[in-house]
2 protein chains.
Amino acid sequence: MSNQVRRDVFQAIADPTRRAIIALIALQAMTPNAIAEHFESSRQAVSKHLQILTECDLLRQEQRGREIYYQLEIDKMKEIDKWLNQFRKIWETRFNQLDEVLATIKSMGK
Amino acid sequence: MSNQVRRDVFQAIADPTRRAIIALIALQAMTPNAIAEHFESSRQAVSKHLQILTECDLLRQEQRGREIYYQLEIDKMKEIDKWLNQFRKIWETRFNQLDEVLATIKSMGK
DNA sequence: TATAAACGCAATCATTCGGTTGCGCAACTT
DNA sequence: AAGTTGCGCAACCGAATGATTGCGTTTATA
């Protein structure tokens, strides 16, 4: 099920729990148990989310004794930001584009 | 199945086809048939994606005769950008901290 | 008016998802 | 050495997902 399926960042952040996990450990690395305490979910459920997040390089593991600290790979978040860039251009020149679209639709109606 | 399920923007952009649709109609409104021609998927499959995207207000319909033009609601995209803001702070801070460290190292060399 | 085109909707199906339970294995603790 | 803790892994289950197929309705066209 969660084998060598190349995980996608967008698919990873689709789940609200995973987004919450990301936000939680953004500033400080945490262990699965510590993370699970912040949610209703069981440790195993959280562990699955951590696995998915790790598979797409959003998280990085750091073993310390028998504990594993999960840390956010902040650079990977920029990938989402990069995807948004194409649309950022649009909403920054919002008024010009709106005029253009309206003109296009009007001319198509003829 | 797709009834009163509160749609989520993040869930909506999880699918690669839907992201492609968003990018395709970002600049110009298009009909389902026209959109479907750009993909391998059938019209019905595309139509379902359009429905999902519309349910979370990422798309807006505009009926013209028997055709329906789907247009990107660019403002909704800002919601993703807004979520990214909390992390943007982090990666900018890290960058500044790096600057500080580098400055400190330099001044220590004197 | 008869036909075709554009589209939404419902039923169906295989696959994936998110969760639980149970287990085994290292690594600490007493 | 014996017990406890932290964790991953595999099996399993109900629900959701993405796609197809078959319809019905409205609008345009011959």
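Per chain, numbering begins at 1; letters A, B, ... match sequence-line order.
One can place CD1 of B:Ile35 at 14 Å from C1' of C:dG8, the figure rounded to the nearest angstrom. Counting to the nearest Å, the C1' atom of C:dC17 and the CG atom of B:Asp8 are 15 Å from each other. Across the protein-nucleic acid pair, A:Gln63 atom CD and C:dC28 atom C1' stand 13 Å apart, rounded to whole Å. The NZ atom of A:Lys48 sits 11 Å away from the P atom of D:dA10 (whole-angstrom rounding). Nucleotide C:dG18 holds its P atom 18 Å from the CD atom of A:Glu40, rounded to whole Å.
For the pair B:Trp83/B:Val9, no side-chain contact is recorded, criterion being any heavy-atom separation below 4.5 Å from C-beta on. Using a 4.5 Å heavy-atom threshold, the side chains of B:Leu59 and B:Leu72 count as touching. Between B:Phe87 and A:Asp81, the closest side-chain pair of non-hydrogen atoms is not below 4.5 Å. The shortest side-chain heavy-atom distance between A:Met77 and A:Leu58 falls under the 4.5 Å cut-off.
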Salt bridge (charged side-chain N to carboxylate O under 4.0 Å, His left out) for A:Arg60 and A:Glu62? Distances and angles first, verdict last. CA-CA 7 Å; A:Arg60 188 169 22 121; A:Glu62 192 175 324; 5.1 Å; no

Determine, step by step, whether A:Tyr70 and A:Gln61 satisfy the side chain to side chain donor-acceptor pair (under 3.5 Å) criterion, reporting the C-alpha distance in whole Å, the side-chain angles of both residues, the deciding distance to 0.1 Å, and the verdict. CA-CA 5 Å; A:Tyr70 284 85; A:Gln61 303 180 345; 3.0 Å; yes

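Residues in residues 20-62 of chain A take part in no ring pair (Phe, Tyr, Trp, His ring centres under 6.0 Å) pair, two or more places apart or across chains.
Put simply, A:His49 has a side-chain N or O that comes within less than 4.0 Å of OP1 or OP2 on C:dG19. Within the 4.0 Å cut-off from OP1 or OP2 of D:dT20, at least one side-chain nitrogen or oxygen of B:Ser42 is found.
Residues of residues 10-19 of chain A that place a heavy atom closer than 4.0 Å to DNA chain D do not occur.
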Could you go through nucleotides 3-9 of chain D and list every protein N or O atom that sits under 3.5 Å from one of its N or O atoms, giving the distance for each pair?
| from | atom 1 | to | atom 2 | distance (Å) |
| --- | --- | --- | --- | --- |
| D:dT5 | O2 | A:Arg66 | NH1 | 2.6 |
| D:dC7 | OP1 | A:Ile68 | N | 3.4 |
| D:dC7 | OP2 | A:Asn33 | N | 3.1 |
| D:dC7 | OP2 | A:Asn33 | ND2 | 2.7 |
| D:dG8 | OP1 | A:Tyr70 | OH | 2.3 |
| D:dG8 | OP2 | A:Ser47 | OG | 2.4 |
| D:dG8 | N7 | A:Arg43 | NH1 | 3.2 |
| D:dG8 | O6 | A:Arg43 | NH2 | 3.1 |

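In this structure a side-chain-to-backbone donor-acceptor pair under 3.5 Å is present from B:Gln63 to B:Gly65.
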